[in-house]
Amino acid sequence: MKKVYTCFCTDMIHEGHLNILKEARKQGQVIVGVLADEAMVRYNRFPTIPLEERLEMVRQTGLADQVLVQEDIMYDSVVEKLQPDYIIHGDNWRNGPENAIRKNVLKNLERFGGELLEVPYTYNREVKKIDDRMKEKLAMPEFRRKRLRQLLGMRPLVKALEVHSGLTGLIAEKTVVETGGELDQFDAMWISSLCDSTAKGKPDIELVDMSSRIRTIDDVMDVTTKPIILDGDTGGLIEHFVYNVRTLERMGVSAVIIEDKTGLKKNSLFGTEVEQTQDSIEGFTEKIRAGKEALRTEEFMIIARIESLILERGMEDALTRAFAYVEAGADGIMIHSRKKDPGEILEFCRLFREENTHTPIVVVPTSFNSITEEELARAGVNLVIYANQLTRSAFPAMQETATQILKNHRALEADARLMPFKDIIRLIDEL
Ligand code: SPV
Ligand code: MG
């Protein structure tokens, strides 16, 4: 009896999957791998049902002789173990980043013997409806909200990218890359106060009010499924913060990060060049406590951001505050620095981790951008936020285009640097 292997990473079985299984049965004994959660989130959607249910779903088709868990995206270990005669897959993986998986399969089949069978992908209204339904489920507040916590438990380092509109949200949602034979994508989105304000042509001084920030969140939520972390500035008055926390939680935002400053907030990247006042430990812990008390779920996170290093108050102050904020109920600590050298961030992580091994640490490596994700994870960091790079790349590009058009009195010269609109609208989903 020939052995046929296929791997599924889906939450729902549709006609296309059944078609693959039926084709597989024509060749012999069918073994189906179900991709583990940790692997699935690296390049695909977040699973909406647990692995055990996904395994059961495949068993229920009655078309698989054996169902097992495939731990990695790439097939090296599963092919070595099973040495199947055939691997069968839909032909839709020939394009895009999934082609890296196809290449890996071909390499392994060459090494261990065996053949690749590709069946035409089933495109029809019913399949699209099922696919859309999975995506819609992920976007629902009750599914989206808890996802940051789930990812923190699953990934060595969760990666968030700044977004400030539907379009930037789509970039964070859909960018998947292959590097060194591995696939990767962003896990979450950061709605930066700096970039949200900048997109509106306003300074980052809590001038853009919460209603407007919520409008941005809503635009992003409308077209994405990944979890959202809001830059909540200082959190404002405690009396207002409790209402805002409740609203964000209900909307399905996963976390708010508030910084321990008071009065007129200025952006941290200005450091001590501008006047900024740090809140007292008593004042800020009261805000954290009030926010936590207002919550209705265990899912939403209030993360406390420490400005001691930015304001040059020293490591001792940063650590004292970190422990006090955790004690007050903070679900994570963000430590910020505007030094180029990551030394003080690493020092903070080392000292914090000596006493606290579980509270998530968040960093924003805008200034200390030479540090790698691997180094951050090794230092005990759990969440890295790329806080403003999309805005900073778009701005000079747009400015240059405006200059070119003015200089040449036409758009021809600018055109070589522009993306055709048909490539941009590929990102946009049609119903
Ligand atoms: C933001 O992105 O708005 C932040 C991070 O608060 S920073 O600009 O580095 O202060
Ligand atoms: Mg900010």
Side-chain angles (χ1 to χ4, degrees), residues 158-165 168-169 171-172 186 188-210 212-214 216-217 220 228-236 241 244 248 253-279 284 287 301-313 318 321 325 330 332-342 344-345 348 361-371 376 381 383-395:
V158 172
K159 296 188 285 247
L161 184 69
E162 177 265 318
V163 305
H164 55 268
S165 61
T168 49
I171 290 175
F186 288 102
M189 298 176 285
W190 163 249
I191 304 207
S192 150
S193 68
L194 175 62
C195 299
D196 201 3
S197 307
T198 305
K200 293 169 177 29
K202 301 266 174 73
D204 181 20
I205 52 171
E206 293 185 281
L207 173 65
V208 176
D209 69 5
M210 193 47 92
S212 185
R213 305 291 310 280
I214 285 172
T216 305
I217 297 171
V220 171
I228 291 176
I229 305 159
L230 177 73
D231 175 358
D233 289 315
T234 66
F241 183 56
N244 289 332
L248 296 168
V253 171
S254 298
V256 65
I257 301 189
I258 52 169
E259 57 193 278
D260 56 0
K261 287 200 295 226
T262 183
L264 180 63
K265 187 220 79 158
K266 308 258 176 70
N267 186 270
S268 300
L269 302 173
F270 288 119
T272 49
E273 287 162 32
V274 291
E275 203 176 311
Q276 311 215 48
T277 317
Q278 198 170 19
D279 201 350
F284 201 62
K287 197 177 281 184
M301 300 174 77
I302 297 181
I303 298 173
R305 161 173 169 176
I306 296 166
E307 292 289 288
S308 305
L309 304 180
I310 293 278
L311 300 170
E312 294 171 11
R313 300 271 158 77
R321 284 172 177 273
Y325 299 164
I333 291 294
M334 172 180 153
I335 182 70
H336 207 16
S337 162
R338 63 187 195 108
K339 298 233 164 90
K340 268 213 102 49
D341 182 337
E344 63 179 11
I345 288 286
F348 175 91
I361 301 180
V362 184
V363 298
V364 177
T366 302
S367 305
F368 48 100
N369 54 12
S370 60
I371 194 155
L376 288 173
V381 172
L383 170 59
V384 59
I385 298 176
Y386 296 99
N388 50 43
Q389 287 78 6
L390 283 194
T391 295
R392 285 163 60 207
S393 56
F395 182 81

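These numbers were taken from a predicted model, which means no experiment stands behind them. Both ligands and their constituent atoms are indexed starting at 1 by order of listing.
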Undergrad: As a quick check of understanding, evaluate side chain to side chain contact (heavy atoms under 4.5 Å, CB included) for Arg213 and Asp233, giving each step before the final call.
TA: CA-CA 11 Å; Arg213 305 291 310 280; Asp233 289 315; 3.7 Å; yes
Undergrad: Considering both backbone and side-chain atoms of Ser193, is one of its nitrogen or oxygen atoms within less than 3.5 Å of a nitrogen or oxygen in ligand 1?
TA: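 Between Ser193 and ligand 1 (N or O atoms, distance only) the closest approach is under 3.5 Å.
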Undergrad: Would Asn388 count as a contact of ligand 1 if the rule is a heavy atom under 4.0 Å away?
TA: no
Undergrad: Do the side chain of Asp231 and the main chain of Trp190 share a donor and acceptor less than 3.5 angstrom apart?
TA: no
Undergrad: What distance do Ile333 atom CD1 and Leu383 atom CG have between them, rounded to the nearest 0.5 Å?
TA: 12.5 Å
Undergrad: Looking only at protein heavy atoms, which one is nearest to atom 4 (C) of ligand 1, and what is the separation?
TA: Asp231 OD2, 3.4 Å
Undergrad: Would you mind telling me which of Arg321, Arg305, Lys287 makes a side-chain hydrogen bond (donor to acceptor under 3.5 Å, both in side chains) with Asp260?
TA: Arg321
Undergrad: Examine all N, O or S atoms of Ser192, backbone included, and report whether one is under 2.8 Å from the Mg ion (ligand 2).
TA: no
Undergrad: Considering the heavy atoms of Ser192, write down every atom of ligand 1 situated less than 4.0 Å from one of them.
TA: 1 (C), 2 (O), 3 (O)
Undergrad: With a heavy-atom distance limit of 4.0 Å, tell me whether His336 approaches ligand 1 through its side chain, its backbone, both, or neither.
TA: side chain
Undergrad: Between Asn388 and Glu162, do the side chains contain a donor N or O and an acceptor N or O under 3.5 Å apart?
TA: no
Undergrad: With atoms numbered from 1 as shown, which atoms in ligand 1 lie under 4.0 angstrom from a non-hydrogen atom of Leu269?
TA: 8 (O), 9 (O)
Undergrad: So, Asp233 and the Mg ion (ligand 2): N/O/S under 2.8 Å, yes or no?
TA: no
Undergrad: Please determine whether a side-chain nitrogen of the Lys or Arg among Glu273 and Arg338 lies less than 4.0 Å from a carboxylate oxygen of the Asp or Glu.
TA: yes
Undergrad: Relative to the heavy atoms of Trp190, which atoms of ligand 1 are at a distance of less than 4.0 Å?
TA: 1 (C), 2 (O), 4 (C)
Undergrad: Does Gln389 use its side chain to pair, donor to acceptor, with the backbone of Ala387 at less than 3.5 Å?
TA: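 A pair under 3.5 Å: yes.
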Undergrad: Taking the N/O/S atoms of Asp231 one by one, which is nearest to the Mg ion (ligand 2)?
TA: OD2
Undergrad: Can a donor-acceptor pair be found, under 3.5 Å and without considering hydrogens, that links the side chain of Thr168 to the backbone of His164?
TA: yes
Undergrad: List the closest protein heavy-atom neighbour of atom 8 (O) of ligand 1: residue, atom name, distance to the nearest 0.1 Å.
TA: Asn267 ND2, 3.0 Å
Undergrad: Would you say the side-chain atoms of Lys266 and Gln276 include a donor-acceptor pair closer than 3.5 Å?
TA: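 No - no donor-acceptor pair under 3.5 Å links their side chains.
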Undergrad: Exactly one of Leu311, Leu269, Leu309, Ile345 should register a side chain to side chain contact (heavy atoms under 4.5 Å, CB included) with His336. Which one does?
TA: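 That would be Leu269; it is the only one of Leu311, Leu269, Leu309, Ile345 passing the side chain to side chain contact (heavy atoms under 4.5 Å, CB included) with His336.
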Undergrad: With heavy-atom distances below 4.0 Å as the criterion, list the atoms of ligand 1 near Ala387.
TA: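 Result: 2 (O).
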Undergrad: Between Leu194 and ligand 1, which part of the residue brings a heavy atom under 4.0 Å of the ligand: side chain, backbone, both or neither?
TA: both
Undergrad: Heavy-atom contacts with Ser268 under 4.0 Å: which atoms of ligand 1 show up? List them by number with element.
TA: 10 (O)
Undergrad: Between His164, Arg305, Glu259, which one has a non-hydrogen atom sitting closest to atom 10 (O) of ligand 1?
TA: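 It is Arg305 that holds the nearest heavy atom.
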